[in-house]
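When a ligand or atom number is given, it counts from 1 through the structure's own listing order.
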Amino acid sequence: AKFVEFIDVEKNYGNFHAVRRLNLSIGRGEFLTFLGPSGSGKTTTLNMLAGFERPSQGVITLDGKSVDRLPPYERNIGMVFQNYALFPHMSVADNVAFPLSVRKAPKAEIGPRVIRALEMVKLERFKDRKPTQLSGGQQQRVALARALVFQPTLVLMDEPLGALDKKLREHMQIELKQIHEMLGVTIVYVTHDQSEALTMSDRVAIFESGNIAQIGTPDALYNEP
Ligand code: ADP
Ligand code: ADP
């Protein structure tokens, strides 16, 4: 089986079908983007993979095991959201250390791993600041470091660059792609920005009304007749 499998997955809210009969396989190390208009089911699909929401029907497996049955910390999934969700009262370093602390990582390991993660996003010199003393782009890089610090096998990103201006967004797209290549981590990325999807992704899944209308490499989707 592939690293991630969605098998006939549905999500209903009352009579409303947010996700319909979705089938999808994701390979280890892949950068897959969910592209589509608002309300097409991208976030719902991502949240089911994260284990935040349960499918109404069907199964999602991670490494052959049903996501439902994995305790949260065994899912080993990093998350990045549009609104950073940093702890404002904690320093940058403490924010990044948080996932290691809750996983009870040995104290001696935490410091060096936090520094490595901050180096990766080029923020080691800001480690003692509070998030409010950073720009939006820097805050999002802290959120990225926090999502990567426990060496997740899968990182889910929901419109992570949505709050940034165009120039910064383009810069961060390049950084994200570099981090993906360096770590070889699997990334599932949600956006409604087509150029963003095409720049970064190995494959793009185009969502329409709760299902995947098309899926393929950027080349196959946009350059072939
Ligand atoms: P997208 O991420 O593509 O914008 P979502 O997955 O957030 O789409 O939402 C898909 C549809 O499901 C939308 O019409 C949304 O209003 C609906 N929806 C999402 N969450 C809920 C909920 N908790 N209760 C009712 N409807 C919801
Ligand atoms: P290496 O080739 O040194 O085993 P990688 O090429 O996977 O490591 O990563 C490059 C650098 O990033 C290394 O210094 C590694 O320790 C660090 N690194 C890898 N994964 C993570 C992570 N999830 N969080 C923080 N640092 C990481």
Side-chain angles (χ1 to χ4, degrees), residues 2-26 30-62 66-68 70 72 75 77-86 136 139-140 143-144 146-147 152 154-166 168-170 172-173 176-177 180 185-218 220-222:
K2 283 287 187 87
F3 181 44
V4 173
E5 302 260 20
F6 285 71
I7 303 154
D8 289 333
V9 171
E10 302 190 2
K11 182 67 182 179
N12 305 320
Y13 295 109
N15 289 330
F16 180 75
H17 304 295
V19 173
R20 313 162 182 258
R21 283 248 159 198
L22 187 122
N23 287 284
L24 171 66
S25 301
I26 307 172
E30 189 173 12
F31 195 132
L32 175 69
T33 297
F34 293 171
L35 175 68
S38 179
S40 56
K42 307 182 299 293
T43 294
T44 304
T45 302
L46 198 75
N47 286 345
M48 288 191 287
L49 177 53
F52 293 162
E53 300 202 52
R54 292 174 73 102
S56 310
Q57 293 286 330
V59 204
I60 303 169
T61 61
L62 182 61
S66 174
V67 168
D68 272 352
L70 289 170
R75 290 180 198 137
I77 297 175
M79 301 269 324
V80 186
F81 308 95
Q82 179 170 346
N83 61 357
Y84 326 133
L86 300 173
Q139 289 182 49
Q140 192 55 297
L144 188 60
R146 186 180 58 182
L154 176 62
V155 182
L156 308 181
M157 303 191 185
D158 195 347
E159 303 258 3
L161 311 183
L164 308 180
D165 65 44
K166 188 163 183 294
L168 192 53
R169 211 158 62 219
E170 286 169 359
M172 289 288 294
Q173 286 168 14
L176 267 179
K177 206 174 151 74
H180 172 248
V185 66
T186 309
I187 297 181
V188 183
Y189 190 97
V190 168
T191 184
H192 57 260
D193 180 337
Q194 178 175 310
S195 83
E196 189 165 293
L198 298 183
T199 308
M200 291 189 294
S201 320
D202 296 322
R203 277 195 310 161
V204 179
I206 301 176
F207 274 69
E208 263 175 40
S209 317
N211 210 322
I212 296 173
Q214 271 186 292
I215 185 164
T217 63
L221 288 174
Y222 293 98

S.K.: Scan side-chain atoms only and decide if Glu30 and Thr186 contain a donor-acceptor pair under the 3.5 Å cut-off.
M.R.: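 No - no donor-acceptor pair under 3.5 Å links their side chains.
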S.K.: Does the side chain of Thr217 reach to within under 4.5 Å of the side chain of Asp202, using non-hydrogen atoms?
M.R.: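 Thr217 does not reach Asp202 side chain to side chain.
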S.K.: Contact between Phe3 and Ile26 at the side-chain level, heavy atoms closer than 4.5 Å - yes or no?
M.R.: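 Not in contact.
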S.K.: Strictly by modelled atom types, are Ser195 and Asp193 linked by a side-chain donor-acceptor pair under 3.5 Å?
M.R.: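 Short answer, yes.
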S.K.: Might you list the protein residues in contact with ligand 1, defined as having a heavy atom under 4.0 Å from one of its atoms, sorted by chain and number?
M.R.: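 For ligand 1, the contacting residues are Tyr13, Phe16, Ala18, Pro37, Ser38, Gly39, Ser40, Gly41, Lys42, Thr43, Thr44.
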S.K.: Between Lys42 (side chain) and Ile206 (backbone), is there a donor-acceptor pair under 3.5 Å?
M.R.: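 Not at all, since once roles are kept as given, no pair shorter than 3.5 Å links the two residues.
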S.K.: Could you report the tightest heavy-atom contact between Leu156 and Leu154, atom names first, then the distance?
M.R.: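 Nearest heavy atoms, Leu156 then Leu154: CD2-CG, 3.8 Å.
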